[in-house]
Amino acid sequence: AAAAGPNEQVAAYLEAAAERDRGRGGYAAAAALLERAALLTPDEERQAERHLSAAEAHVFAGSVDRAEALLTEATKCLRDPRSTAQATQLEGRILFHRGHVAEATYALVSSARRLRPLDPHAARDTMLFAVEAAVFAGWAPSAPLLQEIARTARDMHGGNGISDEF
């Protein structure tokens, strides 16, 4: 899809193609398509959303440096609370990939708390990744961060519609 300047129609087409590629495990191709879609997006906030999606695809493709650059770009214009929480989650994933496990865990717990009222399933998945990060770090069960994870998970468990899935 060729376009000389901003063009939402072409950007939407590229985004749809990226979703198809992502669904087949083609994260590198999806990331490239989403980056191009972001460049063609005239609306600043929508462009930031597409940068965030491209950054996520880059993490799954193993391109952490590029993901971090796109995340930095995206966070400048993200306004939606769910998107900003997803950006924090992605920051946690990037920190984890870089070996900064404690910082990653804190970012993931923060993201889960913010996602809880907006997307309980994403909040649960984020908390599970925080637990994985803490276990990967080899922290003892008495570590304060693990206690914080347990408190947050307990709070999420009570009364928001996901109790049967925890």
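Residue numbers count from 1 along this sequence.
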Trainee: Is there a path of hydrophobic side-chain contacts, each under 4.5 Å between heavy atoms of I/L/V/M/F/W/Y residues, joining Val131 to Leu115?
Mentor: no

Trainee: Salt bridge check, Lys76 against Glu44: does any charged N sit closer than 4.0 Å to a carboxylate O?
Mentor: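 No, no charged N to carboxylate O under 4.0 Å.
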
Trainee: How far does OH of Tyr106 sit from CG of Leu95, to the nearest 0.5 angstrom?
Mentor: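 It is 13.0 Å, given to the nearest 0.5 Å.
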
Trainee: Give a yes or no answer on whether the side chain of Thr88 reaches the backbone of Ala107 with a donor-acceptor pair at less than 3.5 Å.
Mentor: no

Trainee: I'd like to check Pro6 versus Leu40 (side-chain heavy atoms, cut-off strictly below 4.5 Å). Are they in contact?
Mentor: no

Trainee: For a side-chain contact (heavy atoms from CB on, under 4.5 Å) check, start with the C-alpha distance between Leu39 and Glu35, then their side-chain angles and the critical distance, and finish with the verdict.
Mentor: CA-CA 6 Å; Leu39 289 173; Glu35 278 195 69; 5.7 Å; no

Trainee: Would you say the side-chain atoms of Gln47 pair up with the backbone N or O of Ala38, donor to acceptor, closer than 3.5 Å?
Mentor: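 Side chain of Gln47 to backbone of Ala38: a pair is present.
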
Trainee: Are side-chain heavy atoms of Leu108 and Met127 found at a separation under 4.5 Å?
Mentor: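 Leu108 does not reach Met127 side chain to side chain.
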
Trainee: What closest approach, in Å, do Leu90 and Ala55 show between heavy atoms, and which atom pair accounts for it?
Mentor: CD2-CB, 3.5 Å

Trainee: Answer yes if the side chains of Glu68 and His58 hold a donor-acceptor pair under 3.5 Å, and no otherwise.
Mentor: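 Glu68 vs His58: no donor-acceptor pair found between side chains.
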
Trainee: Grab the two heavy atoms, one from Ala123 and one from Ala112, that are nearest each other, plus how far apart they are.
Mentor: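 For Ala123 versus Ala112, the nearest heavy atoms are CB-O, 3.5 Å.
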
Trainee: Might you work through the side-chain contact (heavy atoms from CB on, under 4.5 Å) test for Leu71 and Glu91, ending with a clear yes or no?
Mentor: CA-CA 8 Å; Leu71 180 61; Glu91 176 188 11; 4.0 Å; yes

Trainee: Thr105 and Ala133: which non-hydrogen atoms are nearest, and at how many Å?
Mentor: OG1-CB, 3.4 Å

Trainee: Apply side-chain contact (heavy atoms from CB on, under 4.5 Å) to the pair Arg114 and Arg82, showing each step before the final yes or no.
Mentor: CA-CA 8 Å; Arg114 291 165 48 206; Arg82 187 176 192 280; over 6 Å; no

Trainee: Can you check side-chain contact (heavy atoms from CB on, under 4.5 Å) on Leu33 and Glu15, steps first, answer last?
Mentor: CA-CA 7 Å; Leu33 289 168; Glu15 184 176 37; over 6 Å; no

Trainee: Judged by atom type as modelled, is there a donor-acceptor pair below 3.5 Å linking the side chain of Ser63 to the main-chain atoms of Val59?
Mentor: no

Trainee: Of the options Arg36, Arg50, Glu49, which is the one that meets Thr41 in a side-chain hydrogen bond (donor to acceptor under 3.5 Å, both in side chains)?
Mentor: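 Result: among Arg36, Arg50, Glu49, Arg50 is the only option passing the side-chain hydrogen bond (donor to acceptor under 3.5 Å, both in side chains) with Thr41.
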
Trainee: Considering only NZ, NE, NH1 and NH2 on the basic side and carboxylate oxygens on the acidic side, decide whether Asp65 and Arg98 come within less than 4.0 Å.
Mentor: yes

Trainee: State the OG-CG distance between Ser111 and Asp125, to the nearest 0.5 angstrom.
Mentor: 11.0 Å

Trainee: Between atom CD of Gln86 and atom CG of Asp119, what is the distance when rounded to the nearest 0.5 Å?
Mentor: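 Reported to 0.5 Å precision, the distance equals 7.5 Å.
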
Trainee: Going from CG on Leu34 to CD on Glu56, what distance comes out if it is rounded to the nearest 0.5 angstrom?
Mentor: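 Output value for this atom pair is 9.5 Å.
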
Trainee: Is any side-chain heavy atom of Cys77 closer than 4.5 Å to a side-chain heavy atom of Glu45?
Mentor: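 No, too far: nothing below the 4.5 Å cut-off.
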
